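The figures that follow rest on heavy atoms only: side chains count, while hydrogens, waters and symmetry mates do not. Note that the structure is predicted; figures quoted are calculated from it, not measured. By convention here, the first residue in the shown sequence is residue 1.
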Amino acid sequence: MRVPLSWLREYVDLPATETGRDVQAKLVSAGLEVERVEQLGADLKGPLVVGQVLTIEELEGFKKPIRFCTVDVGTANGTGEPQEIVCGARNFAVGDKVVVVLPGAVLPGNFAIAARKTYGHTSHGMICSGDELGMGDDGSGGIIVLPPEHEVGTDAVELLELVDEVLDIAVTPDRGYALSMRGVAREAATAYGLPLRDPALLDVPGPNAFGYPVQVSDPQGCDRFTARTVTGLSPEARSPIWLRRRLQKAGMRPISLAVDITNYVMLELGQPLHAYDRSRVQGTIGVRRAEPGEKLTTLDGTKRTLDAEDLVITDDRGPIGLAGVMGGANTEIDDTEGTTTEVVVEAAHFDPISIARTARRHKLASEASKRFERGVDPEATSAAAQRTVDLLVLLAGGTADGGVTEVIAPSAPRTISIPANHPDKVAGVDYGRETVVRRLQQVGCDVYGQDELIVTVPSWRPDLTDPNDLAEEVIRLEGYENLPSTLPKPPAGLGLTDRQRLHRRVGRALAGAGYVEALNYPFIGEHVFDQLGLAADDPKRRVVKLVNPLSDEEPALRTTLLPGLLQALRRNDGRGSHDLALFETGLVFHPQDELRVAVRLPVDRRPTDEEIASLTDALPVQPRHAAVVLAGAREQAGWWGKGRPADWADAVESARTLARESGTELLVRQGQYGPWHPGRCAELAVVVDGAERVIGYAGELHPRVLKALGLPARACAMELNLDVLEQASAGLPKGPHVSTFPVATQDVALVVSRDVPAADVEAALREGAGELLESIRLFDVYEGEQLGEGRKSLAYALRFRADDRTLTVDEASAARDAAVALAGERAGAVLRS
């Protein structure tokens, strides 16, 4: 919201010495975000005067049209003689009043004006356009042509209000009232402790049966609708300079008198309005929801297909406007033809959510929708309509019709009960009841009661709904800078939970293993499950959908981390980084079996444990996962060796790394699932409470998945459930005991059936070897004709060590034989001869 300081002074008698910077500081202290103060005309230096064109000579022989003019500027040039000026514009004629800048002046941008010879003549000054004076776009795109009543020689700097200060305020969504001069003036009056001249305090006639007929079919979407009619408008009437300049300073382009007046009143009171050409409206004006498939051509010339949730303004033909967003072209006031002599003024109050959704649905943000979706004053509709009628009568010579239409849905004022000392508790400052009551009354509230205050919220503050909202108003008006700075005192003994410690260790371990963390948005589209090759009944296809997603293409919350990581992998590979190892830890979301409605927690007290538990029960199930993706080289080639590409074993090793960090034994066996290659996929499991639970998969991705997602060949991935991994954990991993006695190494090669998992053989060897076994490592797998069809050889290195003595050969051999015997019993393993 751009607020000219000269306009603001009409409603508040600010001290004459107060600059825009001073007002900015006051408003910032009151909680408004005044981003900057624009100094209009700060570098402008006269003489700049009104002149009248006496003669125009067309110069020929040049690439563009050039005119040599004489202009009467009175005595402003010191001689009274006509001023000779060369000009290339063509939108003025002999006898027109124009703005002339004389030699010695300086225009915005440090553009000095001097007499200079050009096109064979000497130009003593310049006839100015709005852009050259820093006025912005006035819609004409050429020389400023003034109304004929302005006298020659008049100072144009004052006439055009070229020197001013404009406050640029970034209005937050909860302070829609600040999108008006009325709202900002109220804040300025409060900040300075001065009275406010409220522009909405007008004498408004009551409704009667003679107004323009209006039918509101959706009182929930439109609870107020005021219609007024003005007849006898002069088609030649144009917006006066002061009106055009205020619109320009506020960042709006002047269009036509009727439209300029509605925009002016909107900026003044915050109430959007619309003016219809009465001759183009057929029958009763109605407000209803659109019929699916209805069409409407809006003022921007776009033909739109309406949605059943769109609120529309209609006449007997159908829709004539998108309510609260933009009017229709079929009832537009067209001043180019000069045929509009009667207008119907609409001032209505619409449901903020409905307007916001319509504006976003049609990608049609407007000044009106910006205000309606933030909340406007429903009590201001009558005053805004009256103000519009008054200006049309004053500036366009119209006559106000005696008929007044008002459709009002019954409603009661909103009241809030708040303890008088509640702001004191929130801020930690002893304000006292008198200060609290005074500040709330300055906001516009009616306050009753002693220890327990009953506060009636003003109609222009729809954001005030809870006691804490009222406490915030007291605190901000008393000054945030006056709040004492006190450090919180956390209780002793609290630190990270075991879950948090595990997540941090996991991140550090993966980073240490050469992975780079990639954080992704938790939103996905359901088409990604087809790309990942998940079965139709896969639980991961059951998603939690967002009511108001950031993107229609990704309306659901993720059930797996892979889509985001694989997208990051593809993006980096496409930009030239081909050797990649990425990881992410984060929540995934699964819907509850039974849909529960979340309770609304109170804000005036701490929620009870039951309320928090009820809210938690309504949330989706949110386990934390860890995932990695790899592509390209895992070890770079160089003088030290060939290097090697990343493969399925690296993905499996990343899972083992996480298991070591949690102190958990990870079971790895051949598996088959979704996006992984069926022959290069490992199933990851742990034992929880005596039962095995699958927590994830690792390996090489399926070629079809790589093709569907545009990923590099042989890309690998791993994903597992960290929460279940933690449940299987024995607690913090303990540091290894370092023995001073030597190790005894025994190698065994066992022949087993090809379909026996190596993990089963290893588990049997580990259990059979007993306490003396320090480590076991599979170092060779062999298949060949010597072993027979369907057989394979697994070679293991067993390391034995005792804490208190040097093992003998017999002790190590006995432990090895016991391990082999148990492997033979459980897995059918036979020592390879």
Sub-3.5 Å donor-acceptor pair from the side chain of [X] to the main-chain atoms of [Y], do we have one?
X	Y	value
Ser753	Val756	no
Ser662	Ser729	no
Arg816	Gln746	no
Arg360	Ala356	yes
Asp647	Ala649	yes
Gln500	Thr497	yes
Gln592	Val621	no

Angle class for the His590/His625 ring planes (parallel below 30°, perpendicular above 60°, tilted otherwise)?
->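 Judged by the thresholds at 30° and 60°, the geometry between His590 and His625 is tilted.
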Parallel, tilted or perpendicular: ring planes of Tyr521 versus Phe523, cut at 30 and 60 degrees =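 Plane angle under 30°, so parallel.
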Test item: [X] and [Y] side chains (from C-beta on) under 4.5 Å apart, heavy atoms:
X	Y	value
Met326	Thr358	no
Pro675	Leu534	yes
Leu798	Leu773	yes
Cys716	Arg680	no
Leu582	Val628	no
Leu502	Leu658	no
Leu706	Pro712	no

Could you walk me through whether Asp579 and Gln636 pass the side chain to side chain donor-acceptor pair (under 3.5 Å) test, one step at a time?
-> CA-CA 9 Å; Asp579 303 324; Gln636 295 292 336; 2.9 Å; yes
Pairs in or reaching into [range]: which pass salt bridge (Lys or Arg N to Asp or Glu O under 4.0 Å), with residues at least two apart or in two chains?
range	result
residues 685-695	Arg669-Glu692
residues 507-529	Glu526-Lys545
residues 763-792	Arg754-Glu783, Glu762-Arg766, Glu767-Arg826, Glu774-Arg799, Glu774-Arg801
residues 607-622	Arg605-Glu611, Arg606-Asp609

Verify the distance criterion only: is there a donor paired with an acceptor across the side chains of Glu700 and His677 at less than 3.5 Å?
->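 No, no side-chain donor-acceptor pair sits under 3.5 Å.
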Taking side chain to side chain contact (heavy atoms under 4.5 Å, CB included) as the criterion, tell me which of [options] meets it with [X].
X	options	answer
Leu322	Leu311, Ile355, Asp310	Asp310
His362	Thr298, Leu296, Leu306	Leu306
Met1	Arg175, Arg371, Lys370	Arg371

Is the shortest side-chain N to carboxylate O distance from Arg501 to Asp498 below 4.0 Å?
-> yes
Do the charged groups of Arg499 and Asp723 touch, with an N to O distance under 4.0 Å?
->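 Salt bridge present between Arg499 and Asp723.
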At what distance, to the nearest 0.5 angstrom, does [atom1] of [X] lie from [atom2] of [Y]?
X	Y	atom1	atom2	value
Leu709	Leu701	CG	CG	8.5 Å
Phe529	Lys540	CZ	NZ	9.0 Å
Met718	Leu684	CE	CG	7.5 Å
Leu630	Tyr515	CG	OH	4.0 Å
Trp676	Leu532	CH2	CG	8.5 Å
Gln567	Ile524	CD	CD1	11.5 Å

What pairs with Ala170 under side-chain contact (heavy atoms from CB on, under 4.5 Å), at least two apart in sequence or on another chain?
->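 Listed in chain order: Glu33, Glu35.
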Taking all heavy atoms of [X] and all of [Y], pick out the closest pair and write down the distance.
X	Y	value
Val752	Ala827	CG1-O, 4.2 Å
Gly699	Ala651	N-CB, 3.7 Å
Gly31	Tyr480	CA-CE1, 4.5 Å
Leu765	Tyr796	CD1-CD1, 3.6 Å
Pro555	Gly525	CD-CA, 4.2 Å
Thr745	Asp747	CG2-OD1, 3.9 Å

Lys707: what forms a side-chain hydrogen bond (donor to acceptor under 3.5 Å, both in side chains) with it, not counting sequence neighbours?
->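 With sequence neighbours excluded, Lys707 shows a side-chain hydrogen bond (donor to acceptor under 3.5 Å, both in side chains) to no residue whatsoever.
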Please name all residues satisfying side-chain hydrogen bond (donor to acceptor under 3.5 Å, both in side chains) with Ser739, sequence neighbours left out, ordered by chain then number.
->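 Expected list: none.
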What's the verdict on salt bridge (charged side-chain N to carboxylate O under 4.0 Å, His left out) for Glu309 and Arg361, showing C-alpha distance, side-chain angles and the deciding distance?
-> CA-CA 10 Å; Glu309 292 188 5; Arg361 187 180 300 116; 3.2 Å; yes
Check against side chain to side chain contact (heavy atoms under 4.5 Å, CB included), Leu580 and Val629 | CA-CA 8 Å; Leu580 297 163; Val629 293; over 6 Å; no
Tell me, which pairs form a side chain to side chain donor-acceptor pair (under 3.5 Å) where one or both residues lie in residues 650-659, sequence neighbours left out?
-> Arg644-Asp650, Glu653-Arg660, Thr657-Arg660
Is Leu778 atom CG crowded by more than 12 heavy atoms from other residues, nucleotides or ligands, each under 6.0 Å away?
->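 Yes, enclosed.
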Would you indicate whether Gln727, at its atom CD, is surrounded by more than 12 heavy atoms from other residues, nucleotides or ligands within a distance under 6.0 Å?
-> yes
Please name all residues satisfying salt bridge (Lys or Arg N to Asp or Glu O under 4.0 Å) with [X], sequence neighbours left out, ordered by chain then number.
X	result
Arg832	none
Asp530	Arg541
Arg558	Glu584
Asp300	Arg304

